[in-house]
Number of protein chains: 2
Amino acid sequence: MNLQQLRYICAVERQGLSISLAAASLHTSQPGVSKQIHLLEEELGVRIFERSGKRLIGVTAPGRIILAQAKEVLRDVQNIKQVGTEFTNEITGSLSIATTHTQARYTLPKAIKKFTQRYPQVNLHIHQGNPTQIAAMVEQGEADIGIATEALARHQGLVVLPCYQWNRCVVAPPGHPVLKEKPLTLKALARYPIVTYDFAFAGRSLINQAFEAKGLKPNIVLTALDSDVIKTYVELGLGVGLLARMAFEPARDKNLRMVDAAHLFAASTTYIAVRRGMFLRGYWYAFIELFAPHLTRAAVDKALQTPSPL
Amino acid sequence: MNLQQLRYICAVERQGLSISLAAASLHTSQPGVSKQIHLLEEELGVRIFERSGKRLIGVTAPGRIILAQAKEVLRDVQNIKQVGTEFTNEITGSLSIATTHTQARYTLPKAIKKFTQRYPQVNLHIHQGNPTQIAAMVEQGEADIGIATEALARHQGLVVLPCYQWNRCVVAPPGHPVLKEKPLTLKALARYPIVTYDFAFAGRSLINQAFEAKGLKPNIVLTALDSDVIKTYVELGLGVGLLARMAFEPARDKNLRMVDAAHLFAASTTYIAVRRGMFLRGYWYAFIELFAPHLTRAAVDKALQTPSPL
DNA sequence: GACGCTTACGTTCGTCGTAACTATT
DNA sequence: AATAGTTACGACGAACGTAAGCGTC
């Protein structure tokens, strides 16, 4: 067995069970890949891929396990290479962040700006997704760091660090009657059509819980995947918006008025997550600290439970 | 980078930073090992080992991380090979269990007997140690399964499953006054010299807590690493023994009398642990179920959170 | 001077690419 | 007939072992 063979089987799976595509993606010849896979299967004594004659049509039961382990191996190998570059070249590399719209749009920019100034040679990638996708991306090694409010903590393979707490607010066009409800109550809110986040997002379950606890049924007329869509429809007069406090910017949102709703719903916590056992480049720590100043390198290392031997 | 290079650096570390010994242990030539290590260091751009001239005298900071990751890789590769043998040859292989004296001596034998009858071709190893050592062995991959009452749950890298609960008992030579204390109380017990487990073991902390809660200071005259030593010294009249209920066997321990102490101390739970992300051979599941019948394959898989795709 | 690591060199084996072949759709 | 995978073969390169060299202790 060698690393190349593991790369080959992973590529074949990734390319939809095509040896030709896998070979192309790895810039090598198709017969080479074919042969190495056969050699590996022979050595292990099991077929990894199901075949119909000569075509690959699926993954066998042992193949699924082997592929999962092979990915682990390749990730760790990647980690070892990272260690090399970290110690020879601290300031170059890449950082791939998976996050939600709200974070990407309203809370990350400040940290990103400082980061790119300080590490201009780091290649930064930001992937947008819902919390479940984000957790999966970090767990699979497709993203280095995940930032989201939900779902992260449920994953065993992730180390999750709390960043900050936030509350919700209600927005409406100027003159809307909800703005005169003082103090604003859930009961009052339930009388208006509501525009808020999709269920997969940002503590949406907390919103439902708060209404349910009072025996109220909110009239949710539109659920969106991001704060900007919510604001757009509120401006159109579709209803009152219920969104993250940090997503309201008085300077920009001149067509809207905001009422704090911190007293109506439980606060949500935004977390940052990295894969357990991952080697963290120095600038990863730097980014985390820029985003959440209390998460110093020491604090992160402690949470990783495997104190960095640096 | 290739797997051989990773095997080499791990062997060098394991053999106490000796390239010659590492080469010997891997049945290869010493110059080959030397060269591959240099090639790896060159490729990564960092020194893994500290050198004084030509001798290895230590591990560098990046080297420590690289070695840790390399061990991960080799474990996963081992796992892949296991998958092969599991599917071609379900009944042969090896199983390495790390456990404490009390488990090895009193609770495991029944399961082991059934297991060896059912899987005569499985090579069984039992390593004895204290709970901390057991957790470390499983986490490092030196043992496949760990069984102990403490310490396991604190390790992130382990999946821990509860097996059974047990209580303590007091033993003393026939005619000893403690046997007439009815009902037996902590206060009464505190009047006698006590022989019990070392602090690293078997809920020893629970014993201290129970006494402390009543403001009592037990007179512990001897702490032992195993139940047999405790019984031996109790037979010699050194004091009363406080040990696990299952460690008292009326048929064997004819020179001792036992009083149940379940009402005096909180019950302890014995756990079984495997490394997270490990591929479990079929007979591992069988062993676990023989030891703790409620831990069926389905129950174990569920706890592993990564449902076996078998 | 003995031990331990490195360099040098030649052989062997494994890997990869091209080309021809075969099977599936 | 076209597409996808396998077999065959030859060239290159990597890895290993032996032998000699060099630096430490």
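Throughout, a chain's letter reflects where its sequence line sits, starting with A, and its residues are numbered from 1.
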A.B. asks: Quick check for you: name the first and last nucleotides of DNA chain C, 5' to 3', having an atom under 4.0 Å from a heavy atom of chain B.
C.D. replies: C:dC3 to C:dT7
A.B. asks: Taking the side chain from B:E13 and the backbone from B:C10, do they hold a donor-acceptor pair closer than 3.5 Å?
C.D. replies: no
A.B. asks: Given atom OH of B:Y8 and atom C1' of D:dA15, what is their separation to the nearest angstrom?
C.D. replies: 8 Å
A.B. asks: To the nearest 10 degrees, what angle separates the axes at the start and end of the helix from C:dG1-D:dC25 to C:dT25-D:dA1, five pairs each?
C.D. replies: 30°
A.B. asks: Under a plain distance cut-off of 3.5 Å, with no hydrogens placed, do A:R7 and A:Q4 share a side-chain donor-acceptor pair?
C.D. replies: yes
A.B. asks: Each nucleotide in nucleotides 4-10 of chain D should get exactly one letter: B, S or -. Can you fill that in based on protein heavy atoms under 4.0 Å?
C.D. replies: SBBB---
A.B. asks: Is the side chain of A:R47 donor-acceptor paired with the backbone N or O of A:G63 at a distance under 3.5 Å, no angle test?
C.D. replies: no
A.B. asks: Evaluate the side-chain proximity of B:L95 to B:F115: yes if any heavy-atom separation is below 4.5 Å, no if none is.
C.D. replies: yes
A.B. asks: For atom CD of A:E90, decide whether the heavy atoms of other residues, nucleotides or ligands shown that lie under 6.0 angstrom number more than 12.
C.D. replies: no
A.B. asks: Given D:dA14, is OP1 or OP2 found less than 4.0 Å from the side-chain N or O atoms of B:N2?
C.D. replies: no
A.B. asks: If you compare every side-chain N and O of B:S52 against the phosphate oxygens of D:dT24 (OP1, OP2), does one of them come in below 4.0 Å?
C.D. replies: no
A.B. asks: Between B:L17 and B:V59, is the side chain to side chain contact (heavy atoms under 4.5 Å, CB included) condition met? List the steps.
C.D. replies: CA-CA 8 Å; B:L17 300 176; B:V59 178; 4.0 Å; yes
A.B. asks: Can you measure B:Q36 atom CD to D:dG13 atom P for me and round it to whole angstrom units?
C.D. replies: 17 Å
A.B. asks: B:L3 CG to D:dA14 P: how many Å, rounded?
C.D. replies: 17 Å
A.B. asks: For B:F49, report the nucleic acid contact type (base, sugar-phosphate, nothing); a contact means any heavy atom under 4.0 Å.
C.D. replies: nothing
A.B. asks: Donor-acceptor pair, A:E41 side chain versus A:F49 backbone, under 3.5 Å?
C.D. replies: yes
A.B. asks: When you look at A:E72 and A:R276, which way does the salt bridge (charged side-chain N to carboxylate O under 4.0 Å, His left out) test go after all the steps?
C.D. replies: CA-CA 12 Å; A:E72 278 279 332; A:R276 196 179 290 288; over 6 Å; no
A.B. asks: Parallel, tilted or perpendicular for A:F87 and A:F279, by the 30°/60° rule?
C.D. replies: parallel
A.B. asks: Do B:L56 and B:R51 pass the side chain to side chain contact (heavy atoms under 4.5 Å, CB included) test, and can you show the C-alpha distance, the side-chain angles, and the key distance before you say yes or no?
C.D. replies: CA-CA 4 Å; B:L56 307 192; B:R51 292 171 173 79; 3.7 Å; yes
A.B. asks: Counting neighbours of CD on B:E42 that are heavy atoms of other residues, nucleotides or ligands and sit closer than 6.0 Å, is the number greater than 12?
C.D. replies: no
